[in-house]
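Nothing here was measured: the structure is a model prediction, and the numbers come from that model. Throughout, residue positions are numbered sequentially from 1 according to the sequence presented.
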Amino acid sequence: MAKTLAFSFADVPTPRGTEQTDPEPTRMQMPQGNPLLLSYTLQELLARDTVQVELIPEKKGLFLKHVEYEVSSQRFQSSVYRRYNDFVVFHEMLLHKFPYRMVPALPPKRMLGADREFIEARRRALKRFINLVARHPPFSEDVVLKLFLSFSGSDVQNRLKESAQCVGDEFLHCKLATRAKDFLPADIQVQFAASRELIRNIYNSFYKLRDRAERIASRAIDNAADLLIFGKELSALGSDTTPLPSWAALSSSTWGSLKQALKGLSVEFALLADKAAQQGKQEESDVVEKLNLFLDLLQSYKDLCERHEKGVLHKHQRALHKYSLMKRQMMSAAHSREPESVEQLESRIVEQENAIQTMELRNHFSLYCLHQETQLVHAYLPLTSHILGAFVNSQIQGHKEMSKVWNDLKPKLHCLFAGPSGALTLPRSPQEDSLLPC
């Protein structure tokens with residue numbers, strides 16, 4: 001069972017490249033006893049690596065601009081340049097080597113007319129992708145990941161393909177693959193269905209939470225823009241140089257004082273706008289992005305379940321159907337006394353039996369991997385408390401800072417409310433207004 005966690009993201013230790021050994025394709029960290037059971041905590045998964053993905057200045061090609069990313073790994077102490085197509089090949093190799101594991105999806109390819117907002121959203125998605133991969137136990141020990149994060153040559157795509165295609169998939173090099181059935185619980189299909197339903201429900205709820213968090217952060221940023229414009233309009237009003245008509249001559253000194261006061265308020269409103277913008281950006285980073293990270297993980301689990309059903313399970317069922325057809329054909333050939341046809345069918349049936357046996361082994365290994373991937377999803381669940389903590393802290397800090405600015409602003413309003421005799425008449429509260437006679 002995973003231990004209860006109580007830490008902040010700042011407490012996660014920084015991995016050092018000198019403390020890591022070179023990844024080996026066949027090595028997987030497992031506790032003593034049943035290899036099906038994993039004992040990772042969220043802190044241990046996050047500590048495996050932290051990868052930064054930053055945009056670098058665009059390079060102009062003959063017709064199109066190419067977007068490149070600087071990908072930096074704490075674990076490997078490396079920094080390499082990668083293009084989107086490099087991520088695509090890396091993703092394909094992961095699916096080739098680990099078809100029974102959660103491989104996160106990539107963001108969409110750049111469309112014509114893509115703007116800065118799209119490019120930034122894709123950068124964030126690529127960062128989430130590579131961090132989920134770098135922290136995934138089997139992936140993190142594979143040479144393909146090390147190549148992608150540390151190889152600085154120009155032919156990284158070919159190197160990735162060569163390293164992946166020469167060893168086959170995980171089923172072929174995992175020592176436990178042929179014995180996976182021995183470790184599975186008797187009710188594995190029931191557990192699989194229940195886990196799939198639970199993850200689907202969690203995904204749907206977190207999807208709605210992410211949408212609301214996006215709207216909250218967006219409102220903070222919109223509020224910042226409105227406050228800034230509000231302050232600028234007050235400043236423009238205070239800077240107005242239109243001469244007063246003779247009708248307003250008696251109030252010229254009052255209007256001059258008002259203008260001077262209005263002009264000075266823009267500083268506080270600019271500060272309020274800055275505080276609101278900071279809060280919105282912080283919630284985008286600490287709340288929305290982490291919700292997106294968890295959603296990417298949950299979606300990769302859903303995709304894995306679909307691959308299991310439409311891939312291994314479907315192929316197994318088709319192979320069994322083909323086997324039964326061959327059996328009927330052989331019986332028909334035996335009745336018609338065609339020895340050559342019988343011998344050919346017998347040979348094909350033996351081949352089909354071997355294929356079915358391999359598919360059954362793969363089906364059990366797929367369920368074995370699904371069981372482990374389910375445990376990894378649950379190891380990430382404590383991320384929920386950190387997301388909520390970041391949201392609450394952001395709201396408290398944001399309101400506290402803005403409240404201070406509002407309180408500092410209030411004394412500066414006194415000169416705006418001077419009565420006819422020069423005495424200050426501050427505006428009444430709504431409660432005081434309600435006590436006035438009609």
Legend entry - Cationic N near anionic O, under 4.0 Å, Asp286 to Lys281: no
Legend entry - Distance-only side-chain donor-acceptor flag, Gln375 / His371, under 3.5 Å: yes
Inset, instruction - Look only at the side chain of Asp142 and the backbone of Phe139, and say whether a donor-acceptor pair between them is shorter than 3.5 Å. - result: no
Legend entry - Under 3.5 Å side-chain donor-acceptor pair for Gln52 and Gln74: no
Inset, instruction - Using the side-chain hydrogen bond (donor to acceptor under 3.5 Å, both in side chains) rule, take Gln157 and Asn85 through it: C-alpha gap first, then chi angles, then the decisive distance, then the call. - result: CA-CA 8 Å; Gln157 294 184 23; Asn85 287 340; over 6 Å; no
Legend entry - Pairing of Lys275 and Glu401 as salt bridge, 4.0 angstrom limit: yes
Inset, instruction - Determine, stepwise, if the pair Gln299 / Tyr203 fulfils side-chain hydrogen bond (donor to acceptor under 3.5 Å, both in side chains). - result: CA-CA 8 Å; Gln299 182 61 54; Tyr203 177 89; 3.3 Å; yes
Inset, instruction - State plainly whether the residues Asp296 and Arg128 are in salt-bridge range, i.e. N to O under 4.0 Å. - result: yes
Inset, instruction - Could you tell me whether Arg196 and Glu309 make a salt bridge, using a distance below 4.0 angstrom between a side-chain N and a carboxylate O? - result: yes
Inset, instruction - Return the orientation label for the Phe98 and His173 ring planes: parallel under 30°, perpendicular over 60°, tilted otherwise. - result: perpendicular
Legend entry - Polar side-chain atom of Ser218 near backbone of Glu214 as donor-acceptor pair, under 3.5 Å: no
Legend entry - NZ/NE/NH1/NH2 to OD/OE distance under 4.0 Å, Asp49 and Arg135: no
Legend entry - Check: Asn158/Glu162 side-chain N/O donor and acceptor closer than 3.5 Å: no
Legend entry - Distance-only donor-acceptor check, side chains His136 and Glu141, under 3.5 Å: no
Inset, instruction - State plainly whether the residues Glu170 and Lys97 are in salt-bridge range, i.e. N to O under 4.0 Å. - result: no
Inset, instruction - Fit a plane to each ring of Phe269 and Trp406, take the angle between them on a 0 to 90° scale, and name the class: parallel (under 30°), tilted (30 to 60°) or perpendicular (over 60°). - result: perpendicular
Legend entry - salt bridge (Lys or Arg N to Asp or Glu O under 4.0 Å) partner of Glu120, chosen from Arg124, Arg116, Arg122: Arg124
Legend entry - Asp408/Lys404 ion pair, N-O < 4.0 Å: yes
Legend entry - Pair Arg48 + Glu44, salt bridge at N-O below 4.0 Å: no
Legend entry - Main-chain N/O of Gly231 paired with Ser235 side-chain donor or acceptor, under 3.5 Å: no
